[in-house]
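Counting begins at 1 with the first residue of the sequence. Bear in mind the structure is a predicted one, so any value in this text is a computation, not a measurement.
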Amino acid sequence: METHIVSSYDEELKFILRRISEMGGQAERMVEQAVSALIRSDWGLAQSVVADDILLDTLQREVDERAVMTIGKRQPMAHDLREIVGAIRISSDLERIGDLGKNIAKRVIAVTDHKQPVQLVRGIEHMSELALAQLKNVLDVYATRDDVRALEIRAQDAEIDALYTSLFRELLTYMMEDPRNITACTHLLFSAKNIERIGDHATNIAETVYYIKTGKQMEAERPKSDATPSIAAPTPSVNG
């Protein structure tokens with residue numbers, strides 16, 4: 001009977017981990033395609049990203065439901081409990097990453113209608129490459145439960161924050177130089193902020209991996225390099 005219970009628990013945990021893996025792949029694709037749509041002014045690709053968000057939402061619900069069921073049935077302790085609680089946390093971060101990718105995609109049509117400063121768009125592209133690399137690395141760390149690399153990934157987020165701060169200042173300069181730039185630059189500004197937030201969620205995942213492996217929280221909050229003023233939440237008509 002004990003062997004059967006352990007085997008059943010292992011199957012439930014494998015199901016959760018498979019769904020997390022699917023969520024990670026889906027979130028990566030959504031962000032990559034959203035930024036590509038922004039760079040290429042590809043509204044069709046942007047619409048596809050928005051439509052794909054429902055799959056990520058469905059996967060998150062499956063993870064949450066199976067995790068709650070497993071806790072109720074198996075009453076896991078110590079490391080086993082951390083695995084399941086960690087999966088719930090990570091699925092939430094991945095769902096939010098998908099939402100941020102969707103938000104970028106929703107701005108494509110607004111940006112397409114206005115002239116975009118090429119160097120700033122390229123800056124956003126570079127920023128997205130850093131964020132996607134961080135996301136890919138942290139998903140690899142989750143697969144291997146490498147707490148040392150989790151600490152390293154957490155530190156890497158400062159580079160994304162610094163790039164966001166630089167882009168923020170450049171975009172403001174463009175808006176002050178010519179009021180005709182305000183609309184396009186505002187949408188690019190929100191897109192850049194969404195990418196910066198993707199880096200934050202990847203950092204959250206790194207912290208969760210560290211917790212799963214060690215049973216401890218990372219010692220102190222990572223200092224933020226983002227020196228820009230906070231900006232208001234996107235309007236519902238664009239970021240709903």
Side-chain angles (χ1 to χ4, degrees), residues 20 23-24 27-32 34-36 38-39 86 89-104 107 117 119-175 185-214 216-234 239:
I20 292 289
M23 288 188 72
E28 282 187 76
R29 282 191 298 275
M30 287 180 67
V31 174
E32 186 175 19
V35 174
S36 178
L38 183 70
I39 301 303
R89 289 183 185 177
I90 290 171
S91 71
S92 177
D93 280 307
L94 291 173
E95 190 274 335
R96 285 297 301 132
I97 288 172
D99 282 345
L100 292 164
K102 179 182 70 174
N103 292 346
I104 294 169
R107 293 193 178 271
Q119 63 269 40
L120 296 181
V121 174
R122 293 305 173 193
I124 287 176
E125 184 178 31
H126 177 53
M127 190 175 169
S128 73
E129 289 169 355
L130 293 178
L132 282 166
Q134 187 182 24
L135 177 57
K136 181 181 185 304
N137 289 337
V138 83
L139 291 171
D140 290 342
V141 164
Y142 177 57
T144 59
R145 304 299 191 274
D146 189 333
D147 56 302
V148 175
R149 283 192 65 204
L151 287 167
E152 294 170 356
I153 288 170
R154 184 199 195 194
Q156 290 169 3
D157 192 50
E159 186 176 359
I160 297 173
D161 291 342
L163 184 52
Y164 170 69
T165 299
S166 175
L167 278 169
F168 182 95
R169 290 170 177 163
E170 288 188 67
L171 284 161
L172 285 184
T173 299
Y174 267 83
M175 287 189 275
C185 286
T186 298
H187 288 294
L188 291 176
L189 179 60
F190 277 108
S191 295
K193 184 61 180 177
N194 285 334
I195 295 168
E196 187 267 339
R197 289 291 297 138
I198 288 166
D200 289 343
H201 284 289
T203 298
N204 290 347
I205 294 172
E207 292 174 351
T208 298
V209 171
Y210 185 86
Y211 168 73
I212 291 171
K213 179 66 180 292
T214 68
K216 301 175 183 178
Q217 304 290 345
M218 289 188 180
E219 288 187 1
E221 184 178 355
R222 181 185 61 79
K224 295 287 290 178
S225 299
D226 174 9
T228 64
S230 60
I231 56 179
N239 266 12

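Two residues are said to be in side-chain contact when any heavy atoms from C-beta on lie closer than 4.5 Å; Thr203 and Gln134 meet this criterion. Annotation: side chain of Leu130 is in contact with side chain of His126 (closest heavy-atom distance under 4.5 Å). In this structure, the side chains of Leu94 and Leu139 come closer than 4.5 Å at one or more pairs of heavy atoms. Taking 4.5 Å as the limit, some side-chain heavy atom of Leu151 sits within range of a side-chain heavy atom of Tyr210. Lys102 has its side chain within reach of Asp99: a pair of non-hydrogen atoms, C-beta onward, lies under 4.5 Å apart.
Interatomic distance, CG of Asn194 versus CG of Asp200, reported as 11.5 Å (0.5 Å rounding). For the atom pair Ile205 CD1 and Asn137 CG, the distance stands at 12.0 Å (nearest 0.5 Å). Put simply, CG on Asn103 and CZ on Arg197 are 11.5 Å apart, with the number rounded to the nearest 0.5 Å. Rounding to the nearest 0.5 angstrom, the gap separating the CD atom in Glu32 from the CG atom in Leu132 is 6.0 Å. The CD1 atom of Ile39 lies 6.5 Å from the OG atom of Ser128; values are rounded to the nearest 0.5 Å. To the nearest 0.5 Å, atoms CE (Met218) and OH (Tyr211) are separated by 13.5 Å.
The main-chain N or O of Ala162 is never found under 3.5 Å from a side-chain atom of Ser166 such that the two would form a donor-acceptor pair.
In summary, Arg96 and Asp93 do not engage in a salt bridge, as defined by a charged side-chain N under 4.0 Å from a carboxylate O. Checked for salt-bridge contact, Glu207 and Arg154 meet the test: a charged N lies under 4.0 Å from a carboxylate O. By the 4.0 Å N-to-carboxylate-O rule, Glu196 lies close enough to Lys193 to be salt-bridged with it.
With sequence neighbours left out, the salt bridge (charged side-chain N to carboxylate O under 4.0 Å, His left out) criterion links Glu152 to no other residue.
Taking all atoms of both residues into account, the shortest heavy-atom contact from Val138 to Ala202 is CG2-O, 3.5 Å. Contact between Ala206 and Ile153 at its shortest, heavy atoms only, is CB-CG2, 4.2 Å. Nearest heavy atoms, Ala27 versus Ile97: CB-CG2, 3.9 Å.
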message = Run Asn204 and Arg89 through side chain to side chain contact (heavy atoms under 4.5 Å, CB included) and show every step you take.
response = CA-CA 9 Å; Asn204 290 347; Arg89 289 183 185 177; over 6 Å; no

key: Check against side chain to side chain contact (heavy atoms under 4.5 Å, CB included), Asp146 and Val209   = CA-CA 8 Å; Asp146 189 333; Val209 171; over 6 Å; no

